[in-house]
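First the structure, in the form of structure tokens, and then the observations on it.
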Amino acid sequence: MASKKLRRAGLPQDLCERLSRHQITTCQDFLCLSPLELMKVTGQSYQNVQKFLHTVSQSCAPRMQTVYEMKIKRAIDPTSAFLPTTLEALDKILHGGIACGSLTEVTGPSGCGKTQFCIMLSLLTTLPSSMGGLDGAVIYIDTESAFSAERLIEMAQHRFPHYFATEEKLISMPSSIHVYRELTCDSVLKRIESLEEEIISKNVKLVVIDSVASVVRKEFDTKLQGNLLERSNLLTREASVLKYLAEEFSIPVILTNQITTWLSNGLAIQADPLSPADDFSLSEGCSRNGDGESGYVTAALGNTWSHSVNTRLILQYLDSQTRQLLIAKSPVAPFSSFLYTIENSGLVLQALHLLLLNYFLILAFGELVSQRNFTQN
């Protein structure tokens, strides 16, 4: 709440402009100054400065609300509660989809579909509420230059062929998705801290950062003294601002993360498997490297970051065609597992009978290969 802009705190416009010339733009900047300092900057009397301090304090202080008020608000406006993923089984267990007003992390190895999932959610956000969308704009912060406009159009045409049958729709939808390529920690933080007014002016209903870990892991070598603390402070600051934006505007914030392997000796090494042939598996947890050391795979960025996110979804490989989506952390849903494939229309959950069929086909194929090798030997 302290990150709230002074222009939205109830102060006179001319006073906000005068304060901005002194780099005082947020409630935190204002409240950190003493009454005497504020008198000097604003040219106001002590009594007026005290009134301003009270106004700003009231504006940025979290307001108490009862559970009944929260329930009624969501009943009146269901779109303020969730962003449906259109993956029916996932939405059902999440009580409606990706929760608004909170941080949702999507983690997993490289190539498993994290960016595909984010692009799909961006598309869904722009849809009208009658189609389950949020009828709003999207801010997409791309730290890996992975966003593809062509893939977005392809998903739209295959997932909603009737709605995007006209060129007008195909033009208006991408115009609502604002992509920023930020390649350093400093630029990502500055972008996040400047989003408040943009969210209001552009009617933004979704913020995506793909990925949080990419720039952080490039710039901070945690083996160097002091880097771990500095990285933790940066991530805490980012999470604080993002939580404020999510709660203040009741929008979902999606963050992608990478994975890391912790060895039995306590060291962490980067593990970003590129194919299902790798031994790493988030669900199984344990693996063994070439030297015989045991370890386990987990989300990157450490425990402090893991406590900052409200919901954690894990995407991972099962085989060359099928991948697995896990609900690893959620305030509303139990631990759950779904199998999915990536198609032209985006992520698609597999039906139960198809899962069983694929499972038995894989077993049969494995048995056939084993018998052939035995015969040859």
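In this chain, residues are counted from 1 in sequence order.
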Using atom types as modelled and distance alone, determine if a side-chain donor or acceptor of S306 lies under 3.5 Å from a backbone N or O of N303. yes
What closest approach, in Å, do A89 and F338 show between heavy atoms, and which atom pair accounts for it? CB-CE2, 3.7 Å
Given the options L326, I314, I327, S337 meets side chain to side chain contact (heavy atoms under 4.5 Å, CB included) only with L326
Pairwise side-chain contact, L242 with L255, heavy-atom cut-off 4.5 Å (strictly under): yes
Axial cation check for F220 ring with R231, 6.0 Å and 45° limits: no
Do other residues, nucleotides or ligands put more than 12 heavy atoms under 6.0 Å from the CD atom of Q13? yes
So does T236 get a backbone contact from the side chain of S240, meaning a donor-acceptor N/O pair under 3.5 Å? no
Result of checking L245, V204, V253, V208 against I139 for side chain to side chain contact (heavy atoms under 4.5 Å, CB included): V204
Closest heavy-atom pair, Q258 versus S211, reported as atoms and distance to 0.1 Å, is NE2-OG, 4.2 Å
Report yes or no: does N203 contribute a side-chain atom to a donor-acceptor pair with the main-chain N or O of A137 at less than 3.5 Å? no
With no hydrogens and no angle check, is any side-chain donor or acceptor of S232 less than 3.5 Å from a backbone partner on L228? no
So does L315 get a backbone contact from the side chain of K114, meaning a donor-acceptor N/O pair under 3.5 Å? no
Can you give me the closest heavy-atom contact between L123 and L152, atom names plus distance? CB-CD1, 3.9 Å
Is it the case that more than 12 heavy atoms not belonging to R151 sit under 6.0 Å from its CZ atom? yes
Does the N257 side chain pair with the main chain of A213, one donor and one acceptor, at a distance under 3.5 Å? no
Stepwise side chain to side chain donor-acceptor pair (under 3.5 Å) test for T341 and E343: CA-CA 6 Å; T341 56; E343 302 179 8; 3.0 Å; yes
Could you tell me whether the side chain of L38 reaches within less than 4.5 Å of the side chain of F52, counting heavy atoms only? no
Yes or no on side chain to side chain donor-acceptor pair (under 3.5 Å) for D29 and T26, after CA distance, side-chain angles and deciding distance? CA-CA 5 Å; D29 296 336; T26 68; 3.1 Å; yes
Counting distance only, does the side-chain N/O of K243 pair as donor-acceptor with the main-chain N or O of S308 below 3.5 Å? yes
K4 side chain vs E248 backbone, donor-acceptor pair below 3.5 Å: no
Do you see a donor-acceptor pair shorter than 3.5 Å between the side chains of S129 and D135? no
To the nearest 0.5 Å, what is the distance between CD1 (I171) and OG (S176)? 12.5 Å
Using side-chain heavy atoms (C-beta onward) and a distance below 4.5 Å, is Y140 in contact with L206? no
R191 with E182: basic N within carboxylate O range, under 4.0 Å: yes
Can you tell whether the side chains of K190 and D186 come within less than 4.0 Å, N to carboxylate O? yes
Can you find a pair of side-chain heavy atoms, one from L19 and one from T25, that are under 4.5 Å apart? no
Can you tell me if E69 has over 12 outside heavy atoms packed within less than 6.0 Å of its CD? yes
Do you know which two heavy atoms are closest between V215 and T184, and how far apart they sit? CG1-N, 3.9 Å
State whether the side chain of D142 and the backbone N or O of R181 hold a donor-acceptor pair below 3.5 Å, judged by distance alone. no
Tell me whether R159 contacts the main-chain N or O of S345 through its side chain, where contact means a donor paired with an acceptor under 3.5 Å. yes
Which heavy atom in K205 sits nearest to a heavy atom in L134, and how many Å separate them? O-CD1, 3.6 Å
Taking all heavy atoms of I342 and all of C112, pick out the closest pair and write down the distance. CD1-O, 3.7 Å
